[in-house]
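See structure below.
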2 protein chains.
Amino acid sequence: MTFAASQSRPLAASPKTGEKSAQVAYATIKQRILDNEYAPGTAVLEQALANDLGLSRTPVREAMIRLEHEGLVRVVPRHGMTVLPLAPRDMTEIYQIMIGLELVATEQLAARQPSADEIAPLVEACDAMAAAMERDDLDSWAKADERFHLSLVELCGNRRLAAMVMAVWEQSHRARMFTLRLRPKPTDSTREHREVVEAILAGDPARATRLYRDHREKASGQMVRIIEQYGLTRL
Amino acid sequence: MTFAASQSRPLAASPKTGEKSAQVAYATIKQRILDNEYAPGTAVLEQALANDLGLSRTPVREAMIRLEHEGLVRVVPRHGMTVLPLAPRDMTEIYQIMIGLELVATEQLAARQPSADEIAPLVEACDAMAAAMERDDLDSWAKADERFHLSLVELCGNRRLAAMVMAVWEQSHRARMFTLRLRPKPTDSTREHREVVEAILAGDPARATRLYRDHREKASGQMVRIIEQYGLTRL
DNA sequence: TGATGCGATAACGTATGCGATATTGTGCGC
DNA sequence: GCGCACAATATCGCATACGTTATCGCATCA
């Protein structure tokens with residue numbers, strides 16, 4: 001079955017020379033998952049994906065293994081790779097983890113008494129959120145929100161922690177995108193973020209973590225409520 | 001260099017029929033890492049490992065990819081797979097994560113007001129720790145301690161969280177084994193564990209988390225101090 | 001009509017082959 | 001004696017090949 005070389009090069013992700021095929025496969029598939037191009041539950045077989053990407057099964061398999069371990073897909077031997085659907089329970093798990101780890105990040109960062117320079121990314125993200133809300137631009141707001149959270153965990157200096165938060169963030173990406181316009185407008189959100197930043201800058205770990213926790217638990221509650229309310233049991 | 005087929009079947013991990021080679025490779029290599037059979041820093045090439053395990057490079061590669069993503073090894077293309085050495089900084093990172101996540105687990109578990117039956121594994125682990133200390137059997141104590149922590153995160157019901165804690169637990173396994181006899185004897189430890197269990201059983205999340213945090217931060221401080229004191233910068 | 005056994009077939013898991021490339025060793029110039 | 005260029009070679013990444021096995025369709029039977 002070698003007829004299918006219709007696509008002799010990857011469809012996405014710059015096929016620059018020197019870029020390893022397995023990396024390209026990984027990046028391409030991941031992008032597609034985050035962009036919701038594979039509906040959760042639908043199966044994709046190794047060979048099909050390999051043909052699609054213009055590669056052999058080997059690098060595709062390796063990419064699939066990585067994605068499975070990141071919690072984005074499930075691979076069942078003769079049923080292919082399927083994007084994991086998100087149940088409300090998954091969102092609860094993910095929020096618990098994010099809150100736990102981001103609290104550690106917040107605490108560590110505040111305890112370090114960082115300079116204004118150092119936490120500039122956080123301030124920038126807050127500004128961007130505010131500006132986006134001004135324009136009623138929810139997509140930009142979501143991007144800025146993401147920048148805030150990922151900057152926070154990167155700034156704390158714990159690389160393992162940052163990687164873990166990023167993993168669950170990606171797992172829940174689709175759910176956030178779906179519910180973005182169903183949730184109440186994040187009007188207070190910017191203020192809450194700013195307050196956390198202030199506490200960090202003030203070098204007050206206790207206040208920073210308390211504020212952050214309140215903020216996150218509110219967000220978590222909203223999210224889970226919306227998902228259940230709309231019956232989105234298989235996002 | 002094909003002379004090395006001296007071992008035509010896996011050395012460890014029951015080669016039962018139906019067991020996939022990649023799984024065997026993964027399990028065997030991981031066991032060896034945890035048993036400290038590969039000194040951190042020494043390189044193992046794909047082909048060498050494949051010969052050693054009596055397999056081809058393909059399943060070995062897949063195992064290596066998994067192990068790399070679990071944070072146990074690093075794979076550098078022409079320098080083989082090397083077990084990651086643990087610097088004091090790594091231990092700090094790992095403890096921060098463990099504390100953060102285990103606090104979430106403790107809180108959730110306590111909030112659920114579990115029955116005595118449900119938390120039996122925790123009590124059993126405490127008993128085993130006490131018995132081991134009685135016998136001055138540090139190895140058994142360490143095993144019981146491990147059971148306690150892993151039971152806790154499993155009981156909390158958040159499977160992602162449990163998997164994450166297990167990952168960092170494994171990463172730090174070697175360091176714990178090395179320092180087991182360098183640390184002060186964990187005499188208070190059993191009591192501290194029991195107090196946490198009591199608070200959980202009492203359904204008091206605030207007390208449970210406070211106690212747990214104190215316990216863990218003490219342990220973390222001890223561990224890092226010992227590592228630095230003995231100059232174990234590359235465990 | 002629905003369940004069951006069996007053969008066809010497709011997908012997988014692993015082995016092997018091949019071209020590309022980084023690394024190592026060697027010889028030459030300085 | 002030291003450094004550098006170049007050749008030799010070992011390792012890797014990917015493609016392909018092959019045997020195994022689960023799945024599906026179909027026929028048979030209750």
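No hydrogens, no waters, no symmetry mates; every other heavy atom, side chains included, goes into these values.
Remark: C1' of D:dC12 and CG of B:L49 are 15 Å apart, rounded to the nearest angstrom. Per the geometry, CD belonging to A:E19 stands 14 Å off P belonging to D:dG13, to the nearest Å. With rounding to whole Å, A:R57 atom CZ is found 15 Å from D:dG19 atom P. Atoms NZ (A:K20) and C1' (D:dC14) sit 12 Å apart, rounded to a whole Å. Here the P atom of nucleotide D:dG13 and the CZ atom of A:R61 are 16 Å apart, to the nearest Å. We find that CD of B:E62 is positioned 9 Å from C1' of C:dT14, with the value rounded to whole Å. When the C1' atom of D:dA22 is taken as reference, atom CD of A:Q47 falls 17 Å away, rounded to whole Å. As rounded to whole Å, 13 Å separates atom P of C:dA15 from atom CD of B:E46.
Judged by atom type and distance alone, A:R78 reaches the base of C:dA11 through a side-chain donor-acceptor pair under 3.5 Å.
In terms of heavy atoms, B:M98 sits closest to B:S172 at CE-OG, 4.4 Å. When all heavy atoms of A:L72 and A:E170 are compared, the pair lying nearest together is CD2-O, 3.8 Å.
The aromatic rings of B:Y212 and B:F148 sit parallel to each other, their planes meeting at less than 30°, with 60° as the upper class boundary.
Phosphate proximity of D:dC14 to A:S56: absent, as no side-chain N or O sits under 4.0 Å from OP1 or OP2. An OP1 or OP2 oxygen of D:dG13 is reached within less than 4.0 angstrom by no side-chain nitrogen or oxygen of A:S21.
Looking at B:I99 and B:E217, their side chains come closer than 4.5 Å, going by heavy atoms from C-beta outward.
When each of C:dA11, C:dA15, C:dG17 is scored by its nearest atom to the side-chain atoms of A:L45, the top-ranked nucleotide is C:dA11. Closest contact between the side chain of A:H79 and the listed nucleotides D:dC12, D:dT23, D:dA15 involves D:dT23.
Nucleotides of DNA chain C nearest to A:M64 and A:T58 differ in position, and the one nearer the 5' end is that of A:M64.
The cationic group of B:R32 does not satisfy the cation-pi geometry with B:Y38, failing either the under 6.0 Å distance to the six-membered ring centre or the 45° limit from the ring axis.
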